[in-house]
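Notes for the one structure printed next.
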Amino acid sequence: MIHQYIESNQDRFLKELFELLRIPSVSADSRHKGDVRKAAEFVMQKLKEAGADNVALMETKGHPIVYGEKMIDPRKPTVLVYGHYDVQPPDPLDLWNSPPFEPTVRDGKIYARGACDDKGQMYMHIKAFEIMMKHSLMSCNVKFMIEGEEEVGSDNLGTFVKENKSKLKADVILISDTSLISLDQPSITAGLRGLSYMEVEVTGPNRDLHSGVYGGAVANPANVLSKMIASMHDDQGRVAIPGFYDKVAELSSAERKTLNEAPFDLNEYKKELGIDEISGEKGYTTLERTGTRPTLDVNGIWGGYIGEGAKTVLPANAHAKISMRLVPNQNPQEITELFTKHFLSIAPKSVKVKVIAHHGGEPAVTPTDSKAFKAAIQAFREVWGKSPIPTRDGGSIPIVALFKKELGLDTVLMGFGLDTDALHSPNEHYGIKNFLIGIETIVAFHKHFGKS
Ligand code: BES
Ligand code: MN
Ligand code: MN
């Protein structure tokens, strides 16, 4: 019945999602402030239409949070659905095969910024809710909290959660903002990495200099920065910041074994990325490297002349944005301090160095023996005819650790995207199949969780 309803309504579901995808709700770009609000209003409207109560835009210092709820029975368990309606900037624009904010279907996939992360995945919950309301299938109370600042660090959501603990009272958090292994092998994410995001600036002489007149006699900030960055990994691929690994929780050999039982095709992985060889910390598999090991990566690096042709110049300064992905039990503040101290200590006297900390977030692992996790397993078994396996994702959703800390709630990360969906990249996409089966699986989750 549910399957049928989804099938006969899929054109409308997609039409609605496309309308949301057309709104360029780029949270990082202040020029899109109005669009971000438009997306919030769209979500609010759709929650109302589906039958939610107390639907409201909750103002914050930044972009608004959309709240809505349906309380059917105080004795029933309550599911708090979290998602985000903001998206990453679409740049670089010229690499898109169709415009990022004009959703286009090719090969059964929706191409648009936010198609998977997270508009497409978040919208599945609103449609699942519509279905449950239409067919009197509500077996849990449900609350929605959809934010517009996930891609910029969720600072104001933290405050909102702390100030609205009773409003957000629930039994579990449900999020679809992660990946599964494939449409043939479902999985549930049981761990996410944390994040420390830094920016560094290396300054040399008081102006750009002629690289012939001064080159070789004055420190070149771009050379110095490159050398400093290169020194931050040892020849084992480990991060060379003193103390960086002190708190890292090592997995037991049983945990490692389970993790590596997940299907993974290294040749397919390399082929899909167009690389000849993989690279990373010695002694760990690719799944371990992305799921369970901390990293340090340059996200952007600039300085000097990058225009057309050649200009002989010794730049006055050079910059880099550097992210560190963290694992239990690393603490983002501590890692930020270790980085800062180390980076300043390795700077030669010939330059000045400035370190700025951007946002961060704690890593999270979720229990795999809770009632909610078991309900998620049941849901996959019922809809996919297969048992999902627990995995660890490399990305971050900092709010998951905060939910645990502030609300005492565990999260179920029931994501339906694929790692290859090009999140944050040009040509982001989301499979229509993933979208539709996701809706069905979410309905099944509510059913099973309501029984528990
Ligand atoms: N949905 C992603 C996180 C994600 C993607 C987790 C794929 C697991 C698999 C989320 O929107 C995101 O991009 N988070 C940021 C962190 C944030 C603080 C900007 C990230 O991981 O870079
Ligand atoms: Mn996301
Ligand atoms: Mn994202």
Side-chain angles (χ1 to χ4, degrees), residues 20-21 25-29 39 62-63 81-91 100 112-125 145-158 173-182 187-199 262 287 290-292 294-300 321-327 332 335-336 357-366 390-403 411-426 428-430 434 438:
L20 176 60
L21 290 170
S25 50
V26 181
S27 51
D29 189 340
H63 303 303
V81 175
Y82 163 83
H84 62 96
Y85 63 80
D86 65 321
V87 299
Q88 287 270 324
D91 317 74
R113 171 58 85 231
C116 176
D117 184 10
D118 180 41
K119 285 173 173 171
Q121 294 213 58
M122 176 270 291
Y123 205 59
M124 298 181 311
H125 288 269
M145 179 171 62
I146 313 296
E147 74 153 320
E149 300 191 312
E150 197 277 342
E151 299 292 8
V152 290
S154 301
D155 283 348
N156 295 303
L157 184 72
I173 312 269
L174 182 62
I175 304 180
S176 296
D177 194 21
T178 51
S179 313
L180 40 72
I181 294 174
S182 71
S187 58
I188 308 175
T189 303
L192 290 164
R193 289 196 287 189
L195 179 70
S196 279
Y197 200 105
M198 315 295 297
E199 182 166 340
L287 288 178
T290 57
T292 70
T295 58
L296 181 149
D297 276 293
V298 174
N299 292 236
K321 291 189 193 273
I322 298 173
S323 70
M324 290 168 283
R325 293 286 168 174
L326 312 179
V327 300
I335 293 295
T336 296
H358 288 284
H359 55 251
E362 282 179 40
V365 275
T366 64
T391 53
R392 297 237 193 160
D393 279 1
S396 309
I397 309 178
I399 208 68
V400 173
L402 193 121
F403 285 144
T411 294
V412 172
L413 293 159
M414 214 162 74
F416 297 92
L418 299 175
D419 280 345
T420 51
D421 282 346
L423 320 177
H424 298 198
S425 302
E428 176 179 350
H429 53 274
Y430 190 37
N434 299 57

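Whatever order the structure lists them in is the order used to number ligands and atoms, beginning at 1. All of these numbers come straight from a predicted model, not from anything done at the bench. Scope of the values below: all heavy atoms of this structure, side chains included, with no hydrogens, waters or symmetry mates. Numbers here are sequence positions counted from 1.
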For ligand 1, does [X] get within less than 4.0 Å through its side chain, its backbone, both, or neither, judged by non-hydrogen atoms?
X      : value
Leu423 : side chain
Ser323 : neither
Asp393 : side chain
His84  : side chain

Worksheet item: Considering residues at least two apart in sequence or located in another chain, which fulfil the side chain to side chain contact (heavy atoms under 4.5 Å, CB included) criterion with Glu151?
Response: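 Once residues adjacent in sequence are excluded, the partners of Glu151 under the side chain to side chain contact (heavy atoms under 4.5 Å, CB included) criterion are Ser27, His84, Asp86, Gln88, Asp117, His424.
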Practice prompt. State which residues pass side chain to side chain contact (heavy atoms under 4.5 Å, CB included) with Asp419; sequence neighbours excluded, sorted by chain then number.
Written response: Ser179
Discussion item. Looking only at N, O or S atoms in His424, which is nearest to the Mn ion (ligand 3)?
Written reply: NE2
Discussion item. Which atom name does Asp117 have for its N/O/S atom nearest to the Mn ion (ligand 3)?
Written reply: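 So the atom name we want here is OD2.
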Worksheet item: If you take all heavy atoms of Pro332 and Leu326, which pair is closest and at what distance?
Response: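 Heavy atoms only, the tightest pair is CA-CD1, 3.6 Å.
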Could you tell me whether the side chain of [X] and the main chain of [Y] form a donor-acceptor pair under 3.5 Å?
X      : Y      : result
Arg193 : Gly394 : yes
Arg392 : Thr189 : no
Thr411 : Val400 : no

Quick one: look up the protein heavy atom nearest [atom] and list residue, atom name and how far away it is.
atom                    : answer
atom 4 (C) of ligand 1  : Asp177 O, 3.7 Å
atom 17 (C) of ligand 1 : Glu150 O, 3.7 Å
atom 15 (C) of ligand 1 : Ser396 O, 3.7 Å
atom 2 (C) of ligand 1  : Asp117 OD2, 3.8 Å

Worksheet entry | Rounded distance (nearest 0.5 Å) linking atom OH of Tyr197 with atom NZ of Lys321 |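 Output value for this atom pair is 6.0 Å.
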Fill in: Which atom of His84 approaches the Mn ion (ligand 2) most closely (N/O/S)
NE2
Worksheet item: Would Asp177 count as a contact for the Mn ion (ligand 2), in the sense that one of its N, O or S atoms lies under 2.8 Å from it?
Response: yes
Worksheet item: Does any N, O or S atom of Glu150, backbone or side chain, fall under 2.8 Å from the Mn ion (ligand 2)?
Response: no
Response to the item:
Between Met324 and the options Thr295, Ile335, Asp297, Leu195, the side chain to side chain contact (heavy atoms under 4.5 Å, CB included) test singles out Ile335
Worksheet item: Just checking, is any N or O donor in the side chain of Ser196 or Thr336 under 3.5 Å from an acceptor N or O on the other one?
Response: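 Result is yes, a qualifying pair exists.
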Worksheet item: Can a donor-acceptor pair be found between the side chains of Glu150 and Tyr85 at a distance below 3.5 Å?
Response: no
Practice prompt. Find all atoms of ligand 1 within a distance of less than 4.0 Å from any non-hydrogen atom belonging to Gly395, and give their numbers and elements.
Written response: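 So the answer, numbered in order with elements, is 6 (C), 21 (O).
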Worksheet item: Is Pro398 near ligand 1, meaning one of its heavy atoms is under 4.0 Å from it?
Response: yes
Practice prompt. Only heavy atoms count here, so choose which of His424, Arg325, Arg392 is nearest to atom 22 (O) of ligand 1.
Written response: Arg325
Worksheet item: Short check: any N/O/S atom of Glu151 below 2.8 Å from the Mn ion (ligand 3)?
Response: yes
Item to complete: Could you check Phe416 against Tyr430 for ring-ring contact (aromatic ring centres under 6.0 Å, His included), going step by step and ending with a plain yes or no?
Response: CA-CA 9 Å; Phe416 297 92; Tyr430 190 37; 8.2 Å; no
